[in-house]
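Reading through the structure tokens given below for one structure.
One-based numbering along the sequence shown. What you see is a predicted model, and the numbers here were worked out from it, not measured in a lab.
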Amino acid sequence: MSTTLDLDQPPGWVVPLMRFGYAARGVTYVILGVLTFLAAWTGGEAEGTSSALASLRDQPWGVPLLWVVAAGLLGYAIWRFVAAWWDLELHGTGAKGLIARAGLCITGAIHAGLAVSAARQAIGSSGGESDSVKTLASWVLQQEPWGKWVLIAIGAATVGAGIYYGYKGFKEKYKRHMRQSPRSQALDPAIKFGLVAHGVVIAIIGFFLIGAGWTADPSQAGGLGQAFEAVRAQPFGRILLGALAIGLVGFAIYCFAEARYRIVPRCASPDTKTLAGRFDTTFERAIARVS
């Protein structure tokens, strides 16, 4: 398997952009988690990302904050594209590495869409996240004769992404990217819970997409808001929704921790200490090949 890495060095703005992007992502999930918890507590309707951002618009400093969030999410999207192009996480150019780098591009595209949503909310434009997902599902289904299967494949990939988030949290894979410090160690339980909760939500959205593809009915597709309502429809649903909301705040903490402590392997020294104890040996070997 080929593991040749691009020798061109990334520009100096990459790491600050990454930190700004993670921070904006954290702000988004704090808002989402708090509103979801209030919905579980009061019995109100749980909000998706677009609706959660829209709730800021009428608050003092809400519109400027929306623009900051939009800029940060766009920065995060650019970071994902740049990380894939320069292979900043040292995945290599083998089959497994190219799949991982393609995943970075997909998450970049998703967060570019969220940045556009935040900007639209800042200027007062309407349109919810769930409507956007249904519109996308409808367009894919119209691409005969393969649209149905493409939507099912997208849903399966989304479920896979959710499972990966849960695996990443449960197996503590995030630790190899996070610099060791007393504070990052103290945040570890919240980070783990947040990643697992985020994985559950993403997997539910993926199952909705699979259902929409299987039945050729785009109305069955939905975003975060519909995922939250599906959780609340279960026995003890409000309790489960409240736990999920706390988990989303935990995921926000993970984003803030990434903003402060994340290590970019391509830009890091091999003697960097991480929460995993030491710099990952895979990264050490990769750095040795390009140094």
message: Strictly distance-based, threshold 3.5 Å: is any side-chain N or O of Ser138 a donor or acceptor partner for the main-chain N or O of Pro218?
response: no
message: Taking Leu244 as the starting point, is it possible to reach Leu240 by hopping between hydrophobic residues whose side chains are less than 4.5 Å apart?
response: yes
message: With clusters defined by side-chain heavy atoms of hydrophobic residues (ILVMFWY) lying less than 4.5 Å apart, directly or transitively, does Trp146 cluster with Ile152?
response: no
ILVMFWY cluster, Val15 and Ile78 together (side-chain gap under 4.5 Å): yes
- prompt: Just by distance, do the side chain of Glu172 and the backbone of Lys168 share a donor-acceptor pair under 3.5 Å?
  reply: no
message: Just to verify, which of Tyr174, Tyr29, Phe193 counts as forming a ring-ring contact (aromatic ring centres under 6.0 Å, His included) with His198?
response: Tyr29
- request: Can you measure from CD1 (Ile202) to CZ (Phe251) and round to the nearest 0.5 angstrom?
  value: 7.5 Å
task: If the plane angle is over 60° it's perpendicular, under 30° parallel, otherwise tilted; pick one for Tyr167 and Tyr164.
output: tilted
- prompt: Near Phe207 CZ, under 6.0 Å, is it more than 12 heavy atoms from other residues, nucleotides or ligands?
  reply: no
query: For Tyr261 and Gln180, what are the C-alpha separation, side-chain angles and deciding distance, and is it a side-chain contact (heavy atoms from CB on, under 4.5 Å)?
result: CA-CA 8 Å; Tyr261 300 107; Gln180 186 182 75; over 6 Å; no
- request: Please determine, by modelled atom types, if Tyr254 and Asp188 share a side-chain donor-acceptor pair under 3.5 angstrom.
  value: no
- request: Please test Met178 against Ile191 for side-chain contact (heavy atoms from CB on, under 4.5 Å), starting from the C-alpha separation and ending with a verdict.
  value: CA-CA 11 Å; Met178 199 167 292; Ile191 290 172; 3.9 Å; yes
message: So, applying side chain to side chain contact (heavy atoms under 4.5 Å, CB included) with Tyr76, which one of Glu258, Met18, Arg25 is it?
response: Arg25
field: Same cluster (ILVMFWY, side-chain, under 4.5 Å), Trp41 and Ile239
entry: no
- request: Flag the pair Tyr22 / Phe256 as yes when their ring centroid distance falls below 6.0 Å, and as no otherwise.
  value: no
query: Nearest 0.5 Å, what's the CZ-CZ distance between Arg260 and Arg183?
result: 8.0 Å
- prompt: Do the side chain of Arg238 and the main chain of Ala40 share a donor and acceptor less than 3.5 angstrom apart?
  reply: yes
Spacing of Arg80 atom CZ and Cys105 atom SG [to the nearest 0.5 Å]: 9.5 Å
task: Decide yes or no for Tyr165 and Val196: does some side-chain heavy atom of the first lie under 4.5 Å from some side-chain heavy atom of the second?
output: no
Atom pair CD1/OG1 of Ile210 and Thr215 - distance to nearest 0.5 Å: 11.5 Å
field: Interatomic distance, Arg19 atom CZ to Trp79 atom CH2 [nearest 0.5 angstrom]
entry: 9.0 Å
query: Can you tell me how far CD1 of Ile31 sits from OG1 of Thr36, rounded to the nearest 0.5 angstrom?
result: 11.5 Å
